[in-house]
A.B. asks: 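Before I ask anything, here is the structure I am working with.
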Amino acid sequence: MAKLNEKIKRTHYCGQLRESDVGSEVGLMGWIQTRRDLGGIIFLDLRDRSGICQVVINPEHSEAFEIAEEIRSEYVVAVKGKVALRPEENVNPKIPTGFVEIICEQLVILNKSKTPPFPIEDNINVDESVRLKYRYLDLRRPRMLNNILFRNRVNKAIRDFLAENGFIEVETPMLTRSTPEGARDYLVPSRVNPGSFYALPQSPQLFKQILMVAGIERYYQIARCFRDEDLRADRQPEFTQLDMEMSFVEVDDVISLNEKLIKYIVEQASGRKVDIPFRRLTYKEAMEKYGTDKPDLRFGMEMVNVSDIASQSDFKVFADAVKDGGIVKGINIQKGGQIFSRRQIDELVEKAKELGSKGMAWINLTPEGVKSPIAKFFTEDKMNELLVRMDAKTNDLLIFMADTDANKVLSTMGQMRLHLGKTLGLMKKDALEFLWVTEFPLLEYSEEEKRFVAMHHPFTSPMDEDIPLLDQDPSRVRAKAYDIVLNGTELGGGSIRIHSSSLQQKMFEVLGFTEERAKSNFGFLLQAFEYGTPPHGGIAYGLDRMVMLLQGLDSIRDCIAFPKTQNAMCLMTGAPAEVEPRQLRDLHLKVTI
RNA sequence: GGCCCAGUAGUUCAGUUGGUUUAGAACGCCAGCCUGUCACGUUGGAGGUCGAGGGUUCGAAUCCCUUCUGGGUCGCCA
């Protein structure tokens, strides 16, 4: 094995060679994708970060030829040779470099490789655990490399845009204090302070607010965050947020700046156009029309409230639901009567029950007239009124759900809408339907804790006109909070914060914090707020999710270089692992299992 | 914590009514031949504690129990 650069200097990247390079003397370095040994002539496909090109070794160069006979997959080699145009009949149109090849003059093996456990190529079907164990090989695959490169472009676009707009990147501590509320913390024992623990940040929330008090005015950070909860395809225990905060802003300022940011990111990283401003829905509208706070707007099928008409029918299920304070909602599946057979409609009814509904009524508006098990309960007038309300046209299929629990109807119907969207192929993967959801409730009642908890977090500002309701009816207070939704997935969320220490104390009061507890957990924030806090607000994005969605991936694991498994383990390093007793002693810890 | 799916050569899988099986195939790997391949071809070869442990049985990859691992999902994720 020769020293690097002893004989060959790298002059080009494999994937960039074109017909215009024909005749030039090049030095290439990379990995062997494949060797095709025809006996009297050997072809090597050489791969580097940029792509693949073919190297030809003729027997005239006996030294190189002997070396080429030894070469195996994933050997690291250096090649010196001349770029030549391939004879017409030997062009490979499948690769960008397929018109040319390197006539090898010198070949050096820089390093050997064991046979990889799986082929380094796209479209492999290999168990993810094998890929994770050999992540360094998995990342060599073009598709994975492309995800990493894409993510890098997203990060660069973020930094370029925010720097251009006066934002300052500030790092905040990873070792911080545990706070109540929210997810389970990852704890780090302190050696110097026996019995005390740091927590890894769930988000830099408090620090970024303090930075506003500090006069930074515009902050951002691509921040690693930690939550010790169970994993999912779109959830890892450590993940990355694009976190930002601005002073002297209201909701619309944050939203409009972020629309420009997202437009810039998508255009720079993907080269795709994005129209702004995005659509907006209030939380209430979203729930009433789509049954969720993160509607997928790639398709319509909005829910329609028909409680008033339904209550006047003789159909007991409808009438009773409304009478007992519930609602009846319908969805018009356009041309559904042509798409769904009677048997498939029955399957939809089954699906509705699976989703938690007591049942599902339907009306099929066939060219011959109304066909429906519930038609007999409606007078002709009421049926017509219902059809008009549902905007029903011939061949449309209308479905209805009713319950005394209005929220249950909304959520079940919302899930049914998603099921229909999926079944009917309406969720186009390449669509980008951004949406702001605004005016979230400030609080929600926790049955488990028998008290109000913050829906977003305890520092979210109520809407000015709702502040009086804090005392009267906390459940009705709306917040200056907003979520950004993409294709039915929550991309990020934020709010205008409370900047008055008295309002903040009031908020803790409503949340049932004693004064001592508020002081001990958040005293530093309350104290900071007493020293001239500017009005401020911000937003945080799940960056892994953003990359996943923009790249059309099914899991954030595919855009994280070294992700963890569902058991929160790293199959490559074996983390987490036991430690030496000495380390535990230093930390004053005793393991009890 | 609950539910569901999957663990058999390096990889992807077949084999599961318990016994003609010495557990097969493809790709990969190794060796020979081959001067225009690019899924090279061709001839031959090696390679397995059937995830682990226990049980039932004359006999277990196959049935039962426990457990581990990977994935999905509900709970959880301010």
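Numbers restart at 1 for each chain; the letters A, B, ... are given by sequence-line order, proteins then strands. Since the structure is predicted, the reported quantities are computational estimates derived from the model, not experimental observations.
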A.B. asks: Using atom types as modelled, flag every donor-acceptor pair under 3.5 Å from a side chain in residues 94-103 of chain A to any protein atom, sequence neighbours excluded.
C.D. replies:
unit_1	atom_1	unit_2	atom_2	d
A:Thr97	OG1	A:Ile52	O	2.6
A:Glu101	OE1	A:Gln54	NE2	3.0

A.B. asks: Whole angstroms only, please: what is the CD1-P distance between A:Ile124 and B:G28?
C.D. replies: 14 Å
A.B. asks: From C-beta outward on A:Pro117, which listed nucleotide comes closest to its side chain: B:U12, B:G10, B:U69?
C.D. replies: B:G10
A.B. asks: Whole-Å distance between B:G70 P and A:Asp127 CG?
C.D. replies: 10 Å
A.B. asks: Students often get this wrong, so: under 4.0 angstrom with heavy atoms, is A:Val453 touching a base, only sugar-phosphate, or nothing?
C.D. replies: nothing
A.B. asks: Quickly work out the A:Asp558 CG to B:G71 C1' distance and round it to whole Å.
C.D. replies: 13 Å
A.B. asks: Can you tell me if the side-chain N/O atoms of A:Gln202 get under 4.0 Å from OP1 or OP2 in B:C77?
C.D. replies: no
A.B. asks: Below 4.0 angstrom, which residues in residues 224-238 of chain A have at least one non-hydrogen atom near RNA chain B?
C.D. replies: A:Arg227, A:Glu229, A:Asp230, A:Arg232, A:Ala233, A:Arg235
A.B. asks: Between A:Asp243 and A:Lys208 (salt bridge meaning N to carboxylate O under 4.0 Å), is one present in this structure?
C.D. replies: yes
A.B. asks: Find the distance A:Lys133:NZ to B:C68:P and express it as a whole number of Å.
C.D. replies: 20 Å
A.B. asks: Pick the P atom in B:C27 and in B:G1, then give their distance to the nearest Å.
C.D. replies: 44 Å
A.B. asks: Determine the Euclidean distance between corresponding P atoms of B:A61 and B:G51; express it in Å to zero decimal places.
C.D. replies: 10 Å
A.B. asks: Would you mind telling me which residue lines up with the more 5' stretch of RNA chain B, A:Pro458 or A:Asn125, judged by nearest nucleotide?
C.D. replies: A:Asn125
A.B. asks: So for atom CZ, which belongs to A:Phe226, do other residues, nucleotides or ligands contribute more than 12 heavy atoms lying within a distance under 6.0 Å?
C.D. replies: yes
A.B. asks: Should A:Arg227 and A:Glu238 count as an ion pair when the cut-off is N to O under 4.0 Å?
C.D. replies: no
A.B. asks: Does the pair A:Glu516/A:Lys519 count as a salt bridge with the N-to-O cut at 4.0 Å?
C.D. replies: no
A.B. asks: Taking only residues two or more places apart in sequence, or in another chain, which ones meet A:Asn90 in a side chain to side chain donor-acceptor pair (under 3.5 Å)?
C.D. replies: none
A.B. asks: For A:Ala352, check side-chain contact (heavy atoms from CB on, under 4.5 Å) against everything at least two apart and list the hits.
C.D. replies: A:Ser357, A:Met360, A:Met401, A:Met416
A.B. asks: When the C1' atoms of B:U21 and B:G75 are compared, how many Å lie between them, rounded to an integer?
C.D. replies: 47 Å
A.B. asks: Quantified in whole Å, what is the C1' atom distance between nucleotide B:G59 and nucleotide B:U16?
C.D. replies: 16 Å
A.B. asks: In whole angstroms, how far is the P atom of B:A31 from the CD atom of A:Glu70?
C.D. replies: 11 Å
A.B. asks: P atom, B:U8 versus B:G53: distance in rounded Å?
C.D. replies: 15 Å
A.B. asks: Can you give one letter per nucleotide of nucleotides 35-46 of chain B, 5' to 3': B if a protein heavy atom sits under 4.0 Å from the base, S if only from the sugar-phosphate, - if neither?
C.D. replies: BBBBSB------
A.B. asks: Mind checking the C1' distance from B:U35 to B:A25? Whole angstroms is fine.
C.D. replies: 33 Å
A.B. asks: Quick one: A:Met455 CE to B:C77 P, roughly how many Å, whole number?
C.D. replies: 13 Å
A.B. asks: Are A:Asp21 and A:Arg18 ion-paired here, with the side-chain N under 4.0 Å from a carboxylate O?
C.D. replies: no
A.B. asks: Can you spot which of A:Leu486, A:Thr489, A:Val485, A:Asn487 makes a side-chain contact (heavy atoms from CB on, under 4.5 Å) with A:Lys294?
C.D. replies: A:Val485
A.B. asks: For residues 477-514 of chain A, which residue pairs qualify under ring pair (Phe, Tyr, Trp, His ring centres under 6.0 Å), counting only residues two or more places apart or in two chains?
C.D. replies: A:Phe508-A:Phe513, A:Phe508-A:Phe522
A.B. asks: Just the rounded figure in Å: distance from C1' of B:U11 to CG of A:Asp138.
C.D. replies: 13 Å
A.B. asks: Please determine if a side-chain N or O atom of A:Thr565 lies less than 4.0 Å away from the OP1 or OP2 oxygen of B:G70.
C.D. replies: yes
A.B. asks: What interatomic distance, in whole Å, is found between P of B:U62 and the corresponding atom of B:G45?
C.D. replies: 31 Å
A.B. asks: On RNA chain B, nearest-nucleotide positions of A:Ala454 versus A:Arg557: which is more 5'?
C.D. replies: A:Arg557
A.B. asks: Do you know which of A:Lys112, A:Arg141, A:Arg140, A:Arg35 makes salt bridge (Lys or Arg N to Asp or Glu O under 4.0 Å) with A:Glu74?
C.D. replies: A:Arg140
A.B. asks: Under 3.5 Å for both donor-acceptor distances, Watson-Crick or wobble: does B:A6 have a partner, and if so which one?
C.D. replies: B:U69
A.B. asks: Could you tell me the separation between the CZ atom of A:Arg545 and the C1' atom of B:C77, rounded to a whole number of Å?
C.D. replies: 9 Å
A.B. asks: Which base, if any, makes a Watson-Crick or G-U wobble pair with B:G41, both distances under 3.5 Å?
C.D. replies: B:C33
A.B. asks: When rounded to the nearest Å, what value does the distance between C1' atoms of B:U22 and B:C30 take?
C.D. replies: 23 Å
